[in-house]
Amino acid sequence: MLQTSTQTPARNLPDALLTWYDRHHRDLPWRVSPAAAAAGKRADPYHIWLSEVMLQQTTVQAVKPYFWKFLGLWPKVTDLAAAPVEDVMAAWAGLGYYARARNLKKCAEAVATEHGGAFPDTEQGLRALPGIGDYTSAAVAAIAFNRQAAVMDGNVERVISRLYAIDAPLPGSKSLMKAKVTALTPAARPGDFAQAMMDLGATICTPKRPACAICPLRDDCLAFAEHDPERFPVKAAKKEKPVRLGAAFIAVTPEGEILLRRREESGLLGGMTEVPTTAWTSRVDGGATAAHAPFDADWEPCGLVVHVFTHFELRLSIFRAKTNRTDKQSTVGWWEPVENLERQALPTVMKKAISQAIPLAFAPR
DNA sequence: TAGGCGTGGCG
DNA sequence: TCGCCAAGCCT
């Protein structure tokens with residue numbers, strides 16, 4: 001059947017999006033471009049999985065250097081499986097959400113020992129692995145294995161909520177949105193479709209001031225028709241962030257070593273390295289003093305460090321003392337030369353605390 | 001199911 | 001300056 005030139009070509013929404021993606025996709029280190037994919041190039045499941053875990057609640061810009069570092073240290077998933085967990089934590093330091101690193105290591109071990117070194121190639125098989133939830137299992141299945149899996153992350157939620165003008169607030173409306181994504185996901189190129197939805201959300205359908213004028217889905221979008229796309233997605237009201245107080249103690253020997261210790265395996269900053277601190281409490285009497293130090297020394301106050309976590313704000317009073325090594329102190333943790341601090345699994349809040357006491361601790365050498 | 005769990009960039 | 005929030009997972 002012929003169409004006259006005045007008719008709009010028959011074109012469904014997934015096709016419109018994929019056509020846009022072919023032309024405007026982002027080039028990312030872990031990604032196979034649509035042209036290369038058409039020529040038969042396949043994404044490496046290890047690369048896709050590693051990038052997806054790093055990208056959980058984390059920006060592309062923050063992930064890129066870590067992605068390269070991990071591939072350099074551990075080129076194959078079996079290399080990562082064989083690595084000491086301390087090395088993995090140290091390499092992850094600064095990226096946040098450290099349970100991801102612990103689960104990354106566990107997942108690599110499971111792939112190596114239970115799956116012969118090859119990732120499961122189905123959504124269900126991937127979903128059973130540590131640190132892989134609804135999003136990541138669908139993403140790896142679609143992108144690395146071309147499975148028709150419905151991928152929904154924060155970007156997709158925004159695009160879908162606008163396309164259909166969904167008024168119900170997140171996270172309650174998630175199942176409704178997931179059903180919409182499932183209905184849209186094509187049998188052909190499901191991985192490109194997922195990446196296209198996310199690219200659209202990241203570059204066009206942005207939280208603020210979306211670029212509707214150049215959006216390939218504009219004609220299908222109810223939020224655009226209503227002239228207020230920023231109204232979506234509707235989200236439940238947030239709770240206020242409490243403040244917690246504490247003190248951190250930086251002990252320095254004449255040899256230039258500082259006292260470090262390891263945090264418990266689970267919970268906040270689990271398995272990461274820290275300087276000795278008091279408990280972080282919600283008391284507001286400002287009671288943090290040298291009396292709470294891990295041992296007696298000539299502690300001098302040297303300022304305050306404020307660090308904002310996801311669910312509370314921490315105000316750490318910093319104390320510093322010159323001291324000599326004794327056996328008693330060594331039961332607290334271990335003494336580490338300052339020039340080795342860069343190799344430790346120190347979360348950002350601890351780097352801030354140490355820098356407050358020793359301004360050049362993390363200076364380039 | 002709702003809360004715990006990091007960090008850095010951006011408007 | 002500061003609130004928002006980014007390719008979520010686990011319990």
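Letters A, B, ... are given to chains in the order of the sequence lines, protein chains preceding strands, and every chain is numbered from 1.
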Once you apply a heavy-atom cut-off of 4.0 Å, does Leu314(A) come out as touching a base, just sugar-phosphate, or nothing?
nothing
Whole-Å distance separating the CG atom of Asn103(A) from the C1' atom of dC9(C)
8 Å
5′-ward residue of the pair Gly131(A)/Ala202(A) relative to DNA chain C:
Ala202(A)
Distance below 4.0 Å between Thr348(A) side-chain N/O and dG6(B) OP1 or OP2
no
Are Trp334(A) and Met89(A) connected in a single hydrophobic cluster, I mean Ile/Leu/Val/Met/Phe/Trp/Tyr linked by side-chain heavy atoms less than 4.5 Å apart?
yes
Pair Arg325(A) + Glu255(A), salt bridge at N-O below 4.0 Å:
no
Is there a side-chain polar atom (N or O) of His307(A) under 4.0 Å from OP1 or OP2 of dG6(B)?
no
Given atom NZ of Lys174(A) and atom C1' of dG8(C), what is their separation to the nearest angstrom?
7 Å
Identify whether any heavy atom of Val308(A) sits under 4.0 Å from a base atom; if not, whether one sits that close to sugar-phosphate; answer base, sugar-phosphate or nothing.
base
With heavy atoms under 4.0 Å as the rule, sort Gly201(A) into base, sugar-phosphate or nothing.
nothing
Which nucleotide wins on minimum distance to the side chain of Thr136(A), given the candidates dC10(C), dC9(C), dA6(C)?
dC9(C)
By the 4.0 Å heavy-atom rule, please label Ile132(A) as base, sugar-phosphate, or nothing.
sugar-phosphate
Could you list the protein-to-nucleotides 2-5 of chain C atom pairs, N/O on both sides, closer than 3.5 Å?
from: dC5(C); atom 1: OP2; to: Lys238(A); atom 2: NZ; distance (Å): 2.9

In whole angstrom, give the distance that lies between atom CD of Gln56(A) and atom C1' of dG8(C).
5 Å
Strictly below 4.0 Å, N to O, side chains only: are Lys180(A) and Glu157(A) in salt-bridge contact?
no
Partner of dT11(C) under the Watson-Crick or G-U wobble criteria, both distances under 3.5 Å, comes out as dA2(B)
I'd like to know if the side chain of Arg162(A) reaches the main chain of Ala223(A), judged simply by a donor and an acceptor atom lying under 3.5 Å from each other, with no hydrogens or angles considered.
no
Distance-only, no hydrogens or angles: does the Lys69(A) side chain make a donor-acceptor pair with backbone N or O of Ala91(A) under 3.5 Å?
yes
Which is true for Pro171(A) with a 4.0 Å heavy-atom rule: it touches a base, it touches only sugar-phosphate, or it touches nothing?
nothing
What interatomic distance, in whole Å, is found between P of dC9(C) and the corresponding atom of dG8(B)?
22 Å
Please report whether the ring centroid of His307(A) lies less than 6.0 Å from that of Phe309(A).
yes
Nearest-Å distance, CD (Gln57(A)) to P (dG8(B))?
16 Å
Send over the distance from Phe309(A) CZ to dT7(B) C1', rounded to a whole Å.
10 Å
Looking across every strand, which nucleic acid part, if any, lies under 4.0 Å from Ser51(A) by heavy atom: base, sugar-phosphate, or nothing?
nothing
Salt-bridged, Arg147(A) to Asp121(A), with N to O below 4.0 Å?
yes
Is there a donor on the side chain of Thr59(A) or the base of dG8(B) sitting less than 3.5 Å from an acceptor on the other?
no
Say we look at dA7(C) and dC5(B): how far apart would their P atoms be, to the nearest angstrom?
23 Å
Under the criterion side chain to side chain donor-acceptor pair (under 3.5 Å), which of Gln344(A), Arg262(A), Arg263(A) is the partner of Glu274(A)?
Arg263(A)
Atom CH2 of Trp49(A) to atom P of dC9(C): distance rounded to whole Å?
13 Å
When the nearest nucleotide of DNA chain B is assigned to Gln61(A) and to Leu95(A) on a heavy-atom basis, which residue is associated with the more 5' position?
Leu95(A)
Of the candidates dG3(B), dA6(C), dG6(B), the side chain of Lys239(A) sits closest to dG3(B)
Any Lys/Arg nitrogen of Lys174(A) or Asp134(A) sitting under 4.0 Å from an Asp/Glu carboxylate oxygen of the other?
no
Write down the distance between NZ (Lys351(A)) and C1' (dG8(B)), rounded to a whole number of angstrom.
13 Å
What integer distance in Å separates Lys64(A):NZ from dA7(C):P?
14 Å
Taking only the side-chain heavy atoms of Leu268(A) (C-beta and beyond), determine which of dG6(B), dA7(C), dT7(B) contains the nearest atom.
dG6(B)
Nearest heavy atom decides the nucleotide; on that basis, is Arg209(A) or Tyr97(A) closer to the 5' end of DNA chain B?
Tyr97(A)
